[in-house]
Peer 1: 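Quick one: the structure is below, questions incoming.
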Amino acid sequence: MNQSDFNSLEKLQVAYKELLKKYDDLRTYEREKEKQYNSLVREALLSYEQKQKFLLREQEFKAEASTWQKIIDEMAHSINTDVYVAVSNLEKHRDIPRVEKAYFHIRQIRELTNLLMWYIKRNNLPLSNEMVILNLNEIISEQLETIKSGITTLRISGDDHEELLAKLDLAISIEGAVNVSINKEIKESIPLILKDFLRNAMKNTDEEKPVVSINLQETERFVEVTIFNNRAISKDYAEWFNGTPTNEPDGISKSSKVGLRVIKMWTELLKINTSFIPNYETNSTLTKIIFPKEIIYAQN
């Protein structure tokens, strides 16, 4: 074998080694691609399974919601039927003070039942463009009278405290026009919000010398309602109500919890700013409710 042949063989060996290396690199690349492909397939299958589970659960939720909606529809129908009869009978005797009070409360049941039904179906029921004007001073005065006439519903342990609250002279100061407008179908949400705020304030007062005062002030775009009561709300509950944390704390009565949940539900839905401002040095709480002058619920 001459030198030329030897050089050619050496070149072939080098080229063969390079081909082997490229082949190995290609196999490695293919294995990596296969791993990536298998990983993507597994992720896709997992995602598909999760979506299937979600869709099945969503269908279950829809079925449950539909069942509950039927039950609530039936309840609302029964309530409204009986309330209609009661209102019709009481209408003839409204000149009697006690009958007038009963008439008011029964009508409230009807209005609140309709409001609850609207809330449940709010994403499917169109609102009319008809707006109604509400005077917040009139609503507050009316709610205060109903609370005082049914003082036992506050569930206060002390009889003396109840008696003092029933006789309490509630000061209301007004600055400017304190009217707001709202969609006709949800107008009862405003008395509902104010009633629960007022109940909370009256319940949380000094047992020996309860004090509650209310201020209504008109600004350019809002009507601000401030309620003062002489007992400080707990720090945990004030922070939860004002937005942090999201978990509901312990240490407050069940009835108060329910009332505050109702307030949060409606004020968040209608974009009404609210806050509790406790003062632990003076053992008092300021409740602030800022109503837009025009409250319009924006449907999804």
Side-chain angles (χ1 to χ4, degrees), residues 103-123 125-149 170-203 212-229 233 238 241-243 256 258-277 285-300:
Y103 178 84
F104 171 81
H105 284 291
I106 290 172
R107 287 197 61 185
Q108 280 287 100
I109 292 170
R110 183 178 65 187
E111 297 296 339
L112 292 175
T113 301
N114 291 336
L115 183 65
L116 176 61
M117 290 304 300
W118 174 86
Y119 180 83
I120 292 168
K121 300 178 178 181
R122 64 191 180 280
N123 293 325
L125 289 178
L127 285 171
S128 68
N129 293 323
E130 187 176 347
M131 305 291 284
V132 294
I133 296 174
L134 303 177
N135 182 282
L136 297 187
N137 178 47
E138 290 177 3
I139 292 172
I140 289 172
S141 298
E142 192 171 60
Q143 292 301 329
L144 287 173
E145 285 303 312
T146 59
I147 294 168
K148 289 171 74 174
S149 65
L170 294 153
I172 305 176
S173 62
I174 304 169
E175 300 175 41
V178 290
N179 298 324
V180 297
S181 64
I182 187 169
N183 295 96
K184 178 185 70 173
E185 293 86 347
I186 53 175
K187 63 183 177 65
E188 291 303 320
S189 61
I190 304 306
L192 180 63
I193 291 167
L194 288 168
K195 177 185 71 177
D196 281 316
F197 269 128
L198 292 166
R199 284 174 60 86
N200 185 71
M202 291 181 71
K203 186 171 183 176
V212 176
S213 61
I214 302 146
N215 176 262
L216 290 81
Q217 181 178 11
E218 179 193 19
T219 65
E220 184 178 351
R221 295 171 51 207
F222 303 96
V223 176
E224 298 181 6
V225 177
T226 305
I227 304 170
F228 170 88
N229 58 282
I233 191 171
F241 187 85
N242 295 339
S256 294
V258 172
L260 293 178
R261 286 192 207 114
V262 169
I263 291 170
K264 279 180 72 70
M265 180 180 82
W266 283 104
T267 54
E268 288 173 1
L269 188 74
L270 301 178
K271 305 294 187 294
I272 298 168
N273 291 326
T274 59
S275 61
F276 284 126
I277 307 169
T285 303
L286 278 180
T287 303
K288 289 199 171 183
I289 318 145
I290 303 175
F291 291 96
K293 286 186 174 179
E294 188 176 59
I295 303 168
I296 300 177
Y297 171 65
Q299 289 181 293
N300 295 330

Peer 1: Checking side-chain contact (heavy atoms from CB on, under 4.5 Å) for the pair M131/E294: CA distance, chi angles, key distance, verdict?
Peer 2: CA-CA 9 Å; M131 305 291 284; E294 188 176 59; 4.0 Å; yes

Peer 1: Would L216 and E224 count as a side-chain contact (heavy atoms from CB on, under 4.5 Å) if you check the C-alpha gap in whole Å, the side-chain angles of each, and the deciding distance to 0.1 Å?
Peer 2: CA-CA 6 Å; L216 290 81; E224 298 181 6; over 6 Å; no

Peer 1: According to ring-ring contact (aromatic ring centres under 6.0 Å, His included), who are the partners of F222, at least two apart in sequence or on a separate chain?
Peer 2: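 For F222, no residue satisfies ring-ring contact (aromatic ring centres under 6.0 Å, His included) once neighbours in sequence are set aside.
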
Peer 1: NZ of K264: more than 12 outside heavy atoms within 6.0 angstrom?
Peer 2: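 Above 12, so yes.
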
Peer 1: Report yes if some heavy atom in the side chain of L270 is under 4.5 Å from a heavy atom in the side chain of I182; otherwise report no.
Peer 2: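 Yes; the side chains approach each other to less than 4.5 Å.
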
Peer 1: Can you find a pair of side-chain heavy atoms, one from L198 and one from L170, that are under 4.5 Å apart?
Peer 2: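 No, their side chains stay 4.5 Å or more apart.
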
Peer 1: Could you tell me if the side chain of Y119 sits less than 4.5 Å from the side chain of L269, heavy atoms only?
Peer 2: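 When only atoms from C-beta onward are counted, Y119 and L269 do touch, with a gap below 4.5 Å.
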
Peer 1: Report yes if the side chains of F276 and L260 come closer than 4.5 Å at any heavy-atom pair, otherwise no.
Peer 2: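 In contact.
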
Peer 1: Of all residues at least two apart in sequence or in a different chain, which pass the salt bridge (charged side-chain N to carboxylate O under 4.0 Å, His left out) check with E145?
Peer 2: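 Salt bridge (charged side-chain N to carboxylate O under 4.0 Å, His left out) list for E145, sorted by chain: empty.
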
Peer 1: Check the pair I296, L127 against side-chain contact (heavy atoms from CB on, under 4.5 Å), reporting the backbone distance first and the verdict last.
Peer 2: CA-CA 10 Å; I296 300 177; L127 285 171; over 6 Å; no

Peer 1: Listed by chain and number, what are the salt bridge (charged side-chain N to carboxylate O under 4.0 Å, His left out) partners of K184, not counting sequence neighbours?
Peer 2: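 K184: salt bridge (charged side-chain N to carboxylate O under 4.0 Å, His left out) contacts with E130.
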
Peer 1: Name each donor-acceptor pair under 3.5 Å that joins a side chain in residues 186-196 to protein atoms two or more places apart or in another chain, with its distance.
Peer 2:
unit_1: S189; atom_1: OG; unit_2: I186; atom_2: O; d: 2.6

Peer 1: Could you tell me which residues satisfy salt bridge (charged side-chain N to carboxylate O under 4.0 Å, His left out) with K293, sequence neighbours excluded, listed by chain and number?
Peer 2: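 Testing K293 for salt bridge (charged side-chain N to carboxylate O under 4.0 Å, His left out), a comparison that skips the adjacent residues, returns E218.
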
Peer 1: Indicate the atoms forming the closest heavy-atom contact of N135 with N137, along with that distance.
Peer 2: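 Looks like OD1-N, 3.0 Å.
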
Peer 1: Among I272, I263, L136, which residue meets the side-chain contact (heavy atoms from CB on, under 4.5 Å) test with I289?
Peer 2: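 Per the side-chain contact (heavy atoms from CB on, under 4.5 Å) rule, the option paired with I289 is I272, out of I272, I263, L136.
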
Peer 1: Taking the side chain as everything from C-beta on, heavy atoms only, tell me whether S141 gets closer than 4.5 Å to I172.
Peer 2: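 Yes, close enough: below the 4.5 Å cut-off.
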
Peer 1: What are the two closest heavy atoms between N215 and S173, and how far apart are they?
Peer 2: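 So the two residues come closest at ND2-OG, 2.6 Å.
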
Peer 1: Relative to the ring of W266, is the ring of W118 parallel (under 30°), tilted (30 to 60°) or perpendicular (over 60°)?
Peer 2: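 Aromatic pair W118/W266 classed parallel.
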
Peer 1: Check T285 against I233 and note the closest heavy-atom contact, atom names and distance.
Peer 2: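 Heavy atoms of T285 and I233 come nearest at OG1-N, 2.9 Å.
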
Peer 1: What's the spacing between L286 CG and N229 CG if we round to 0.5 Å?
Peer 2: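 Reported value, rounded in 0.5 Å steps: 8.5 Å.
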
Peer 1: Does L144 reach the side chain of I214, with side-chain heavy atoms less than 4.5 Å apart?
Peer 2: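 In contact.
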
Peer 1: If I compare all heavy atoms of A201 with all of V212, which pair ends up nearest, and what's the gap?
Peer 2: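 Shortest heavy-atom separation between A201 and V212 comes out as O-CG2, 4.0 Å.
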
Peer 1: Before you tell me yes or no, could you show the steps for F291 and N273 under side-chain contact (heavy atoms from CB on, under 4.5 Å), namely the whole-Å CA-CA distance, both residues' side-chain angles and the distance that decides it to 0.1 Å?
Peer 2: CA-CA 7 Å; F291 291 96; N273 291 326; over 6 Å; no

Peer 1: Indicate yes or no: at least one non-hydrogen side-chain atom of T274 is less than 4.5 angstrom from one of F241.
Peer 2: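 In contact.
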
Peer 1: Can you list everything that forms a salt bridge (charged side-chain N to carboxylate O under 4.0 Å, His left out) with E220? Sequence neighbours excluded, please.
Peer 2: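 E220: no salt bridge (charged side-chain N to carboxylate O under 4.0 Å, His left out) contacts found.
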
Peer 1: Is there a side-chain contact between V178 and Q217 (heavy atoms, below 4.5 Å)?
Peer 2: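 Of all side-chain heavy-atom pairs linking Q217 with V178, none is under 4.5 Å.
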
Peer 1: Shortest non-hydrogen contact from S128 to N183?
Peer 2: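 Looks like O-ND2, 3.3 Å.
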
Peer 1: Where is the tightest heavy-atom contact between I290 and P292, given as atom of each residue plus distance?
Peer 2: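 Looking at all heavy atoms of both residues, the closest pair is O-CD, 3.5 Å.
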
